[in-house]
Amino acid sequence: MTKDPAITPELVAQHGITPEEYENILKILGREPNYTELGIFSVMWSEHCSYKNTKPLLKQFPTRSKKILVGAGEENAGIIDIGDNLAIAFKMESHNHPSAVEPFQGAATGVGGIIRDIFTMGARPICAMNSLRFGNLSSPEVQRLFRGVVGGIAHYGNCFGIPTIAGEVCFDDSYEGNPLVNAFCLGVLRHEQIARGAAKGIGNPVFYVGPATGRDGLAGAAFASQDLTEASAEQQRGAVQVGDPFMEKLVMEACLELLAAKDAVAGIQDMGAAGLTCSTCETAARAGTGIEIELSKVPQRATGMTPYEIMLSESQERMLIIVNKGHEAEVQRIFDKWDLPWSEIGVVTDTGRMVVKNHGQVVANIPAAKIANDSPVYHRDSKEPAYMQGVRAYRVNSLSDTTSPAKDLEMLLQTPTIASKNWVYRQYDHMVRDGSVVCPGSDAAVVRIKGDSLPMLPDGAAESVPAGIEKFIALSVDGNGVYVYLDPYEGSKTVVAECARNLACSGATPLGSTDNLNFGNPHNPELFFQLKESVRGLAEACAAFNAPVTGGNVSLYNQNPMGAIDPTPTLALVGLIEKKEHITTQWFKDEGDVIILLGDAVDSADPNLGLGGSAYLMAKHDVKNGLPPRCDLKKEKAVQDLTLECIRSGWIKSAHDCSEGGLAVCLAESCFSKNVALNTPVFKGAKIDLSGVKSSRLDALLFGETQSRVVVSTSADHAEQVLAKAQASSVPATVIGKVTGCCKAATLDITTATASTLSWSIPALHSLWWNALAEIMD
Amino acid sequence: MNFSVLQFPGSNCDQDCVHVLKNVLGHNARLLWHKDTSLGDTDAVIVPGGFSYGDYLRTGAIARYSNIMAAVKQFADRGGLVLGICNGFQILCEAGLLPGALIRNKGISFRCEFVWLRTGNPDTPFTCKAPEGTLLRIPIAHGEGCYFADAETLKQMEENGQILWRYCDRHGNTTPESNPNGSLLNIAGICNAQKNVAGLMPHPERASEKILSGHDGRILLESMVQFLENRKRS
Amino acid sequence: MKAKITVTPKKAVLDPQGKTVQTALEHIGFTGIKDVRIGKYIEIELEGTDREAALKSISQASHKILSNPVIEDYSVEIE
Amino acid sequence: MKAKITVTPKKAVLDPQGKTVQTALEHIGFTGIKDVRIGKYIEIELEGTDREAALKSISQASHKILSNPVIEDYSVEIE
Ligand SMILES: Nc1ncnc2c1ncn2[C@@H]1O[C@H](COP(=O)(O)OP(=O)(O)O)[C@@H](O)[C@H]1O
Ligand SMILES: [Mg+2]
């Protein structure tokens, strides 16, 4: 056996452990750590596992509501009550750095990881989403990353059999070389099926199930907690993790079956980042127990693996299960049925210590609670970034108004961030499990929960949810790095508002949220400022929309040699639609329907008239500057509530929010985004009259991104009711036009006070928008 | 009717099939584990979609050697109705119960979307409720759905009325643009010479309820039911 | 012993991956490529030393499961 | 000329396909199998006759396009 290296200050530093942290380790152990222990501390105290730089910030998030059954930070994912004894578990997690190194496998294993977090809770995963960021798509390298990431997500999700039902993709230079891959998963369970990641019951055996351990992604958690430089990518120790979705599907089915075996499971936890290390000490810490494992019993794929390697390996699709004594045979029966490897590797003890042995010899002995809970906490310095002054001073009137609005819309619809993402989502199976009610392509996705969405019950157990139950869950994920870069606090509020608006447009009320904080190096005070202010904004907005945060993930050190990425918090919101009839989509339905704009056409109090940080400003003028449109949360809430009330009253046929690209893009999408089959889009025209709207700039009117706006359509006889309701709620509402004829001749006509009537062919616009990504990628 | 839906490691449309047969169409449907050796009392077998054995090596290649497939073969030889959907179609081809093979989509990547299908021969248990030329709108979700068979086989199948569904446009024309995967002759689904075993890449079980943006898939499943009812009666 | 099996798509069978790779190669400047075909390569580590027996059993496996005769050809080598 | 390239998963990297196929082979009665690895086999038909040049350019292509050097190894043969 190779001898462990001696513990030197250099070795400690290589493990990303500071001298102060090392002092703390000496105190906790009462002696010097050995090599394996040093490795264990380094991964557990990495940002990825310990949140040492962000814990104080995350405290600001609203985390409670009457419906929350398992809250943020308690377990692998939060759980929310949705009535009738049903609950949902959901979470989002990043796999940014692995995806930069190997886009296909990095993204695939990201999906695998988040799915495990969900079934670890005892829930059956029923849908997935993803939020992606890449550099400029004109670069072949970016195309390679984009293709690889989408391919990897498709590979894992499709094979596993989970519908990837929504997501978002943005392209911006700041993500060059450091793509963001945030994966989300949602599962369902009955209240009594919630499983816990706690090593309960002294003397209970500890099982390892799933494939053998190899030298995969050694110290991946620590790797995720460093700046991404070429050198670190090259140096990443160990082999790239390869995902095996087939294996994960079997592991999930077996775990759910085992969880249904009465009294068999005392605790269960997936081996995610920091693998065996994290799962053993966290389960022990949660239960206030100790745990002892024998490494020679861990199934191993490679020969000659050291304790250090086994403990730090990030081989995928593995689970740790604490079994109630006397039920060992159940594990054997079920895992044999699924032809899965399993091994009894240890026992729960009363020592409070995590003891790791290799062939009987102790190789690590650490107080479990201390390493899991007493990680260092840092209050980093923060300083407003220097660029902010310029941003505040920027005025859009330094640019002249558009003289080519017709071309501008065509151009915007083709910009990769705005263009249809069908090239992406048609690679994802988004219909498996017979629950996809609103597929990708509308504001929020809607998924149906039905009886067979649930994990199995114990043999002979009575069903605890009403027969024939159906529930409808809406989901959306959003983020706008440019807004947050230009104004971390206000921009982050907008992120939440937009996401909630998507939900409102689909007919849903928020239940809760999960977030992923993708930022740069927290040691840089300016970057830490972005993080701090952003969290403040997110927290405030999540509270405003009654969307408590049930969990999430932090990914720092997202930089490339040119600097940090735009600060990119992504937020996923989950909501409930009360009745089937309330499910609403974004496309216009019938000729003659009245089109109403809820909200202000242009925010005249905004010196940039909604153009600061807009897609228009960047695409047309190559300017990433100016304070982005502000979101007044009260006003926003009023618009959303109004939208929902009108939907519930049965007045609304379509609802689409104005976001990137503004009103013109929103209207165009409402005309052509319905697609019934391959090469079969459904077109509607629209005749819009904005001549009554005062706006000093045409570009601001058409493409400005003033917040809190929704375009709805209603049958002629309900228009008055919508307007009256709006007035009663003090929300501005304006009839702006009518839905016109369909088919090939459909046009979008917009009359404004300043320009002659603009007219676009809907099939022509659609073709630009629909094919833009495919034209670059295929 | 009693339907049996097979369950291989990696099947993932098995529950969907049971849901539609049971909750939507009101028949008996149960799952059969791949290690089982007998079909028991069954009127028809569904080989569902998914990624049996991860689709590793070749789609359907490993599943065909499971215990249950031997029983399915016997059942089919005795005239039993067998329908393979997506991965199930691939398995039936690998098992030799259907001619030809399914290879990688022409465009390489996986495709999930609704497509139009034109029904061929109406004289089979799978199409009897759909007059010839009936258009169906049903989703596909596959990476390896490009149908291939040698020219001789194709000719025989055409003459025999074994080509049951072809990809087409919304007007029923079998154009290259309406072919999502490069299948020869725009083939989406076929049956064997005896017409009791069929397979198709699209997923009728995903399009059997109004709320799932389409219900044309029911026509196919209801055809099987009608055929079975008629057979029982006579 | 080691068995090395190559499985290639039959001539008549469309090979879209091959086509894609060919285009990609041409795109980055490789010239003079007449055709690209993509198949599978399988390496099987075997116990024992009887090469004849190994060849027989691996050929059988290749025929039965490792390749599909409708669309693929295979060749086996024992090392 | 013909170039034959085999691309195999790196030793340390998990090969889910190989593992699954190994189990399947055992299941249908093939014994004595210690390990299965599955990779790609690529055949490129080339113009010209300069084997040295071909080897060089194909090796380059293998590194850049035909294999993924992060997780795969390759070997090239010119015939
Ligand atoms: N990566 C992705 N995966 C799945 N669906 C996606 C992805 N990106 C975008 N979509 C879908 O495309 C549609 C438009 O997305 P987006 O433009 O981000 O919407 P919005 O601006 O309303 O948030 C949505 O239905 C979304 O779910
Ligand atoms: Mg939207």
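Residue numbering restarts at 1 for every chain, and letters A, B, ... go by the order of the sequence lines.
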Next item on the list: Count the heavy atoms belonging to other residues, nucleotides or ligands that lie under 6.0 Å from NZ of A/Lys589, then report whether that count exceeds 12.
Entry: yes
Note to self: Restricting to side chain to side chain contact (heavy atoms under 4.5 Å, CB included), what partner residues turn up for B/Leu184, sequence neighbours left out?
What the structure shows: B/Phe148, B/Leu154
Next item on the list: Could you tell me how the ring of A/Phe246 sits relative to the ring of B/Tyr56: parallel (under 30°), tilted (30 to 60°) or perpendicular (over 60°)?
Entry: perpendicular
Next item on the list: Verify, without hydrogens or angle tests, whether A/Lys249 (side chain) and B/Gly54 (backbone) share a donor-acceptor contact under 3.5 angstrom.
Entry: no
Checklist line | Members of residues 153-163 of chain A whose heavy atoms come closer than 4.5 Å to chain B | finding: A/Asn158, A/Cys159, A/Phe160, A/Gly161
Output side-chain donor-acceptor pairs under 3.5 Å for residues 217-224 of chain B, partner residues at least two apart or in another chain, one line each.
unit_1	atom_1	unit_2	atom_2	d
B/Arg218	NE	B/Glu222	OE2	3.2
B/Arg218	NH2	B/Glu222	OE2	3.2
B/Ser223	OG	B/Lys129	N	3.0
B/Ser223	OG	B/Ile219	O	2.7

Margin query: Can you tell me which portion of B/Ser178 sits under 4.5 Å from chain A's heavy atoms? Options are side chain, backbone, both or neither.
Written below: backbone
Notebook entry, point to check: With only heavy atoms counted, which part of A/Arg147 is less than 4.5 Å from chain B, the side chain, the backbone, both or neither?
Noted result: neither
Notebook entry, point to check: Is it the backbone or the side chain of A/Lys337 that comes under 4.5 Å from a heavy atom of chain B, or both, or neither?
Noted result: both
Margin query: Between B/Glu209 and A/Arg448, does any side-chain N to carboxylate O distance fall below 4.0 Å?
Written below: yes
Checklist line | Spacing of A/His430 atom NE2 and B/Glu113 atom CD [to the nearest 0.5 Å] | finding: 8.0 Å
Next item on the list: State plainly whether the residues A/Asp429 and B/Arg111 are in salt-bridge range, i.e. N to O under 4.0 Å.
Entry: no
Show the atom names and distances, to 0.1 Å, of all donor-acceptor pairs under 3.5 Å that link a side chain in residues 132-139 of chain B to residues at least two apart or in another chain.
unit_1	atom_1	unit_2	atom_2	d
B/Thr134	OG1	B/Pro131	O	2.4
B/Arg137	NH1	A/Val676	O	2.6
B/Arg137	NH2	B/Ser213	O	2.3

Check: Judged by modelled atom types alone, do A/Arg433 and B/Gln15 share a side-chain donor-acceptor pair under 3.5 Å?
Finding: yes
